[in-house]
Trainee: 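So that we are looking at the same thing, I have put the structure below in structure tokens.
Along the sequence shown, the residues carry numbers beginning at 1. Source: prediction; values computed, not measured. Side chains are part of it too, since the values below use all heavy atoms of this structure and drop only hydrogens, waters and symmetry mates.
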Amino acid sequence: QVQLVESGGGLVQAGGSLRLSCAASGRTLSSYYMAWFRQAPGKEREFVAAIRWTGSNTYYADSVKGRFTISRDNAKNTVFLQMNSLKPEDTAIYYCAVRGGGVTNSPDRYDYWGQGTQVTVSS
């Protein structure tokens, strides 16, 4: 079992920044991928970014490339999502998720999920 707890969401004006955190506990994550997804009201959950727990490969949705950065602190078992140049269309509940095996942007393939943190970007 893996427990995930997100934090760092909030209300920000367009053009602003937020940093989300996802603290993981419960088991060794060395072979896992950590990902961020988001879900806006009335929309499906969509992939935002992913990073392997070891190594340097990162993956981003086209809509956030150049604005968002995913990173991790292995010592703290925490993954971060730095979000810059935020837009109103980034408004959503942001979730972190974990899966063993290769990276994928399909939420159905992820094994563990956090409870989500709300990000609201005002225009």
Trainee: Within the structure provided, determine whether S17 and Q82 are in side-chain contact (heavy-atom separation under 4.5 Å).
Mentor: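 They are in contact (side-chain heavy atoms under 4.5 Å apart), so the answer is yes.
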Trainee: Above 12 or not: heavy atoms from other molecules or residues under 6.0 Å from CD of Q115?
Mentor: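 Counting other residues, nucleotides and ligands, CD of Q115 exceeds 12 neighbours.
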Trainee: Does the side chain of Q3 come within less than 4.5 Å of V5's, by heavy atoms?
Mentor: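 When only atoms from C-beta onward are counted, Q3 and V5 do not touch, as no gap falls below 4.5 Å.
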Trainee: Are side-chain heavy atoms of Y110 and T104 found at a separation under 4.5 Å?
Mentor: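 A side-chain contact under 4.5 Å exists here.
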Trainee: Tell me, do V48 and L81 make a side-chain contact under 4.5 Å, heavy atoms counted?
Mentor: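 SC-SC contact between V48 and L81 confirmed.
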Trainee: What's the shortest heavy-atom distance between A14 and S123, and which atoms?
Mentor: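 Of all heavy-atom pairs spanning A14 and S123, the closest is CB-CA, 4.4 Å.
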Trainee: Within the structure provided, determine whether F68 and W36 are in side-chain contact (heavy-atom separation under 4.5 Å).
Mentor: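 Counting from C-beta outward, F68 and W36 never come under 4.5 Å.
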Trainee: Taking atom CZ of F37 and atom CD of E46, what is their separation to the nearest 0.5 Å?
Mentor: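 It is 10.0 Å, given to the nearest 0.5 Å.
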Trainee: If you measure from CG on L18 to CG on N84, what distance do you get to the nearest 0.5 Å?
Mentor: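 The CG atom of L18 sits 9.5 Å away from the CG atom of N84.
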Trainee: Is there a path of hydrophobic side-chain contacts, each under 4.5 Å between heavy atoms, that joins F80 and V119?
Mentor: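 F80 does not cluster with V119.
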Trainee: Please determine whether a side-chain nitrogen of the Lys or Arg among D90 and K87 lies less than 4.0 Å from a carboxylate oxygen of the Asp or Glu.
Mentor: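 No, D90 and K87 are not salt-bridged.
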Trainee: Quick one: pull up CD in E6 and SG in C22 and give me the separation to the nearest 0.5 Å.
Mentor: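 If we round to the nearest 0.5 Å, E6:CD and C22:SG are 5.5 Å apart.
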Trainee: With no hydrogens and no angle check, just 3.5 Å: does a side-chain donor-acceptor pair link T78 and D73?
Mentor: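 Short answer, no.
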Trainee: Could you check if a side-chain atom of I51 sits within less than 4.5 angstrom of a side-chain atom of V79, using non-hydrogen atoms only?
Mentor: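 I51 vs V79: side chains touch.
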Trainee: Testing the basics here: between A35 and F47, what is the closest heavy-atom pair and its distance to 0.1 Å?
Mentor: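 Closest approach of A35 to F47, heavy atoms only: CB-CE1, 4.3 Å.
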Trainee: Does R109 have more than 12 heavy atoms from other residues, nucleotides or ligands lying within 6.0 Å of its CZ?
Mentor: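 No - once you tally the heavy atoms of other residues, nucleotides and ligands closer than 6.0 Å, there are 12 at most.
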Trainee: Rounded to the nearest 0.5 Å, how far does CD of Q118 lie from CZ of R38?
Mentor: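 Spacing of CZ (R38) from CD (Q118) equals 12.0 Å.
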Trainee: Between atom CG of L20 and atom OH of Y94, what is the distance when rounded to the nearest 0.5 Å?
Mentor: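 That separation rounds to 7.5 Å.
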Trainee: Looking at Y32, I'd like to know if the NZ or CZ of R99 sits under 6.0 Å from its six-membered ring centre while staying within 45 degrees of the ring's axis.
Mentor: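 Checked: cation-pi criterion not met.
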Trainee: Could you check whether any side-chain N or O of T91 sits under 3.5 Å from a backbone N or O of T120, counting only pairs where one atom can act as donor and the other as acceptor?
Mentor: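 It does not hold such a pair.
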Trainee: Indicate yes or no: at least one non-hydrogen side-chain atom of Y60 is less than 4.5 angstrom from one of I70.
Mentor: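 The answer is yes, as the side chains (C-beta and beyond) meet within the 4.5 Å cut-off.
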Trainee: Are any non-hydrogen side-chain atoms of P107 and W113 less than 4.5 angstrom apart?
Mentor: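 Yes, their side chains come closer than 4.5 Å.
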Trainee: So, taking the atom named CE in M34 and the one named CG in N77, what distance separates them when rounded to the nearest 0.5 Å?
Mentor: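 CG of N77 is found 8.0 Å from CE of M34.
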Trainee: Where the side chain of R72 meets the backbone of R52, is there a donor-acceptor pair that is under 3.5 Å apart?
Mentor: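 A pair under 3.5 Å: yes.
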